[in-house]
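Below: one structure, written as structure tokens.
Indexing begins at 1, ligand by ligand and atom by atom, following the structure's order.
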Amino acid sequence: MTKRLVILVSGRGSNLQSILAACRSGQIPDTQVVAVISNRPSARALELAMAAGIPALTVDHRDYGTRTEFDAALQKQIDEYAPDIVALAGFMRQLTTAFVRHYEGKLLNVHPSLLPAFPGLHTHAQALRQGVCWHGASVHFVTAELDAGPVIIQAAVAVLPADDEQSLATRVLDAEHRIYPQALAWLVSGRVTYAAGRTQWREPPQTATREAIAPSLESSP
Ligand code: GRF
């Protein structure tokens with residue numbers, strides 16, 4: 001049966017685009033994006049959704065006095081679409097424990113770092129400040145603690161001597177676009193699930209498949 005996917009966004013929507021393309025190409029099999037919901041009415045992601053003929057809605061966080069009220073309204077809106085999976089794709093709001101529990105095991109996020117390093121914001125600046133050799137992106141199940149849920153797939157990106165925030169962000173974003181559709185494909189097929197606070201595998205993929213390494217080291221000075 002076709003899986004129903006709701007995508008939550010706040011801005012540009014490049015991860016949304018990569019997921020839509022993967023649904024179209026069949027990389028994410030038997031899946032329909034049934035709604036795109038933003039907490040910001042001006043999000044470009046909403047335009048992308050509309051252009052793709054997908055219901056695009058806003059639940060504006062500024063209309064609610066508390067996080068709990070906002071999350072309850074968001075949850076109500078999401079549940080009207082009876083999703084099998086909810087994917088956060090650049091959704092820039094912290095979620096309450098009640099919301100996260102409601103979608104336990106079917107709520108995914110992409111984060112621009114190799115978690116558990118650099119949770120929260122400004123991950124590229126943090127990576128440069130720390131002088132790490134490797135940075136990257138992670139897709140993980142969402143749990144109550146911010147950016148701390150169990151990882152499904154990661155992509156490592158070498159930090160180059162000439163990097164600034166922008167150049168690093170560009171390569172990490174490219175990695176996000178590769179790993180998010182892969183994680184969703186595994187979830188849809190039941191190959192990966194969430195149980196007892198951990199990522200569980202049926203036929204675990206090769207380690208190499210779970211840690212896509214972006215090329216760059218060989219070509220660096
Ligand atoms: C991505 O880097 C995502 O990991 C982060 O915000 C950015 C959103 O980009 N949380 P986009 O809206 O998918 O283009």
Side-chain angles (χ1 to χ4, degrees), residues 5-24 27-28 33 35-52 54 56-61 74 85-95 99-100 103 107-128 132 134-159 163-185 187 211-212 214 216:
L5 173 59
V6 168
I7 302 183
L8 305 187
V9 297
S10 296
R12 179 178 52 188
S14 68
N15 277 290
L16 167 68
Q17 269 179 306
S18 75
I19 295 167
L20 291 177
C23 289
R24 273 196 300 270
Q27 186 197 356
I28 304 174
V33 178
V36 171
I37 305 175
S38 174
N39 66 307
R40 292 183 189 280
S42 60
R44 178 176 162 261
L46 291 171
E47 290 166 33
L48 296 172
M50 281 187 280
I54 297 164
L57 304 101
T58 301
V59 181
D60 192 331
H61 61 276
L74 182 62
I85 301 170
V86 179
L88 310 181
F91 183 69
M92 306 303 280
R93 295 285 302 173
Q94 246 176 280
L95 295 161
F99 181 97
V100 169
Y103 299 106
L107 186 58
L108 260 56
N109 182 41
V110 63
H111 182 74
S113 80
L114 291 175
L115 291 172
F118 313 136
L121 298 173
H122 312 300
T123 59
H124 311 304
Q126 290 188 65
L128 290 170
V132 296
W134 294 95
H135 187 38
S138 308
V139 178
H140 63 97
F141 286 107
V142 176
T143 55
E145 201 184 331
L146 181 69
D147 298 329
V151 167
I152 298 171
I153 186 170
Q154 293 186 308
V157 171
V159 180
D163 267 330
D164 57 17
E165 257 187 84
Q166 188 53 55
S167 63
L168 196 50
T170 301
R171 294 205 306 289
V172 170
L173 191 63
D174 187 56
E176 292 179 40
H177 297 163
R178 287 185 292 119
I179 63 174
Y180 212 175
Q182 177 64 82
L184 287 164
L187 188 65
E211 47 164 27
S216 63

Sub-3.5 Å N/O-N/O distance, Gly13 and ligand 1: yes
Check whether any N or O atom of Asn15, backbone or side chain, sits under 3.5 Å from an N or O atom of ligand 1, and answer yes or no. yes
Pick, from His111, His124, Met92, Glu176, the option with the minimum heavy-atom distance to atom 3 (C) of ligand 1. Glu176
Going by the closest heavy atom to atom 11 (P) of ligand 1, which one wins out of Ser14, Ala45, Ala43? Ser14
Under a 3.5 Å threshold, yes or no: a donor from one side chain and an acceptor from the other, between His177 and Ser14? yes
His140 side chain to His111 side chain, donor-acceptor N/O pair below 3.5 angstrom: no
Show which atoms of ligand 1 fall inside a sub-4.0 Å distance from at least one heavy-atom site of Pro112. 4 (O)
Contacting atoms of ligand 1, where contact means under 4.0 angstrom from a heavy atom of Gly90: 6 (O), 8 (C), 10 (N)
Starting from atom 9 (O) of ligand 1, which protein heavy atom do you reach first, and at what distance in Å? Arg12 NH2, 3.0 Å
Out of curiosity, Phe91 CZ to Leu16 CG, how far, rounded to the nearest 0.5 Å? 13.5 Å
How many angstroms lie between atom CD1 of Ile85 and atom CD1 of Ile19, to the nearest 0.5 angstrom? 10.0 Å
Within-4.5 Å side-chain heavy-atom neighbours: Ile7 and Ile54: no
Yes or no on side chain to side chain contact (heavy atoms under 4.5 Å, CB included) for Leu20 and Val33, after CA distance, side-chain angles and deciding distance? CA-CA 7 Å; Leu20 291 177; Val33 178; 3.6 Å; yes
